[in-house]
Amino acid sequence: MLQGEYDHTLDAKGRIVVPSKVREELGDHFVISKGFEHCLYIFPKESWDKFVGKMEALPGSSAKVRKVQRHFIGGSKECEPDKQGRFSIPANLREYASITKDVVLVGLADRLEVWDQSMWKEYCDEDESIEEVAEELLF
């Protein structure tokens, strides 16, 4: 299970080092894609296959379904870390997430989110409290 919060820095080539504990969970091949709220998602291959399977089960005749598929599947890339545990975040995905240097990796059970550090702080500082959200969801 992917969990925790990790601060990292991209190198000059747009690469990031995945923490060894996280790397074990991701495996040798994983997928990075656009996410919601202008962050990126990193899925272990098995989780990605389940995620895509849900989208494939939806009617392709729906413009909304195609839009969601284009966002997640069209903007995705398979990755494998090098021997030092680094992988490149493609330029188009860095641009989508406004990632320039400092990032935060956030583990959410079946995936990681990759946030530009300042955007993560901004998201965490939003007005709506976690208590309000949990109550609304009947958590």
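In what follows, residues are counted from 1 in the order of the sequence shown.
The side chain to side chain contact (heavy atoms under 4.5 Å, CB included) search around Glu95 returns none, not counting sequence neighbours. Partners of Tyr96 under the ring pair (Phe, Tyr, Trp, His ring centres under 6.0 Å) rule, at least two apart in sequence or in another chain, are His38, His71. Considering only residues two or more places apart in sequence or on other chains, Gln69 meets the side chain to side chain donor-acceptor pair (under 3.5 Å) condition with none of them. Residues meeting the side chain to side chain contact (heavy atoms under 4.5 Å, CB included) test with Asp102, sequence neighbours left out: Thr9, Gln117. Considering only residues two or more places apart in sequence or on other chains, Glu135 meets the side chain to side chain donor-acceptor pair (under 3.5 Å) condition with none of them. Residues that satisfy the side chain to side chain contact (heavy atoms under 4.5 Å, CB included) test with Arg70, not counting sequence neighbours, are Arg66. Residues satisfying the side chain to side chain contact (heavy atoms under 4.5 Å, CB included) test with Ser61, not counting sequence neighbours, are Pro59. Residues meeting the side chain to side chain donor-acceptor pair (under 3.5 Å) test with Ser118, sequence neighbours left out: Asp116.
For Phe43 and Phe30, the gap between ring centers reaches or exceeds 6.0 Å.
Counting heavy atoms from C-beta on, the side chains of Leu26 and Val18 come closer than 4.5 Å. Residues Leu112 and Val106 have side chains not in contact (no heavy-atom distance under 4.5 Å, counting atoms from C-beta outward). Between Lys101 and His8 the shortest side-chain heavy-atom distance does not fall below 4.5 Å. Counting heavy atoms from C-beta on, the side chains of Ile16 and Val103 come closer than 4.5 Å. The shortest side-chain heavy-atom distance between Tyr41 and Lys34 does not fall under the 4.5 Å cut-off. Contact of the Gln3 side chain with the Met1 side chain is registered, since non-hydrogen atoms from C-beta on lie closer than 4.5 Å.
Hydrophobic cluster membership is shared by Phe87 and Val114, with clusters built from Ile, Leu, Val, Met, Phe, Trp and Tyr side chains linked at under 4.5 angstrom. Note: the hydrophobic cluster containing Ile32 does not contain Val68 (ILVMFWY, side chain heavy atoms under 4.5 Å, direct or indirect links). Under the 4.5 Å side-chain contact rule for hydrophobic residues, Leu93 and Ile42 share a cluster. Under a hydrophobic clustering in which Ile, Leu, Val, Met, Phe, Trp and Tyr are joined whenever their side-chain heavy atoms come within less than 4.5 Å, directly or via other members, Leu10 and Val104 fall into different clusters. Under the 4.5 Å side-chain heavy-atom criterion for grouping Ile, Leu, Val, Met, Phe, Trp and Tyr, Leu108 is connected to Met119 within one hydrophobic cluster.
Of the possible donor and acceptor atoms, one in the side chain of Glu132 sits under 3.5 Å from a partner among the backbone N and O of Ser129.
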Test Val22 against Leu2 for side chain to side chain contact (heavy atoms under 4.5 Å, CB included), laying out the working first.
-> CA-CA 7 Å; Val22 173; Leu2 296 161; 3.9 Å; yes
For side chain to side chain contact (heavy atoms under 4.5 Å, CB included), just list the numbers for Leu40 and Ile89, CA-CA rounded to whole Å, side-chain angles, deciding distance to a tenth of an Å, and then say yes or no.
-> CA-CA 10 Å; Leu40 303 176; Ile89 298 177; 3.7 Å; yes
Begin from the C-alpha positions of Arg111 and Phe51 and carry the test side chain to side chain contact (heavy atoms under 4.5 Å, CB included) through to its verdict.
-> CA-CA 10 Å; Arg111 70 181 183 274; Phe51 185 71; over 6 Å; no
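When only modelled atom types and interatomic distance are considered, Glu113 and Trp115 share a side-chain donor-acceptor pair under 3.5 Å.
The other members of the hydrophobic cluster of Leu58, by chain and number, are Val65 (side-chain heavy atoms under 4.5 Å, ILVMFWY only).
Applying the salt bridge (charged side-chain N to carboxylate O under 4.0 Å, His left out) definition to pairs two or more places apart or across chains, those involving residues 14-30 are Asp11-Arg15. For residues 45-54, the pairs satisfying side-chain hydrogen bond (donor to acceptor under 3.5 Å, both in side chains) are Lys45-Asp49, with sequence neighbours left out.
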Donor-acceptor contacts under 3.5 Å from residues 76-84 side chains, at least two apart:
from: Ser76; atom 1: OG; to: Ile73; atom 2: O; distance (Å): 2.7
from: Glu80; atom 1: OE1; to: His29; atom 2: NE2; distance (Å): 3.0
from: Asp82; atom 1: OD1; to: Gln84; atom 2: N; distance (Å): 2.9
from: Asp82; atom 1: OD1; to: Gly85; atom 2: N; distance (Å): 3.1
from: Asp82; atom 1: OD1; to: Arg86; atom 2: N; distance (Å): 2.9
from: Asp82; atom 1: OD2; to: Arg86; atom 2: NE; distance (Å): 2.9
from: Asp82; atom 1: OD2; to: Arg86; atom 2: NH2; distance (Å): 2.9
from: Gln84; atom 1: OE1; to: Arg86; atom 2: NH2; distance (Å): 3.0

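Atom OH of Tyr123 has 12 or fewer neighbouring heavy atoms from other residues, nucleotides or ligands inside a 6.0 Å radius.
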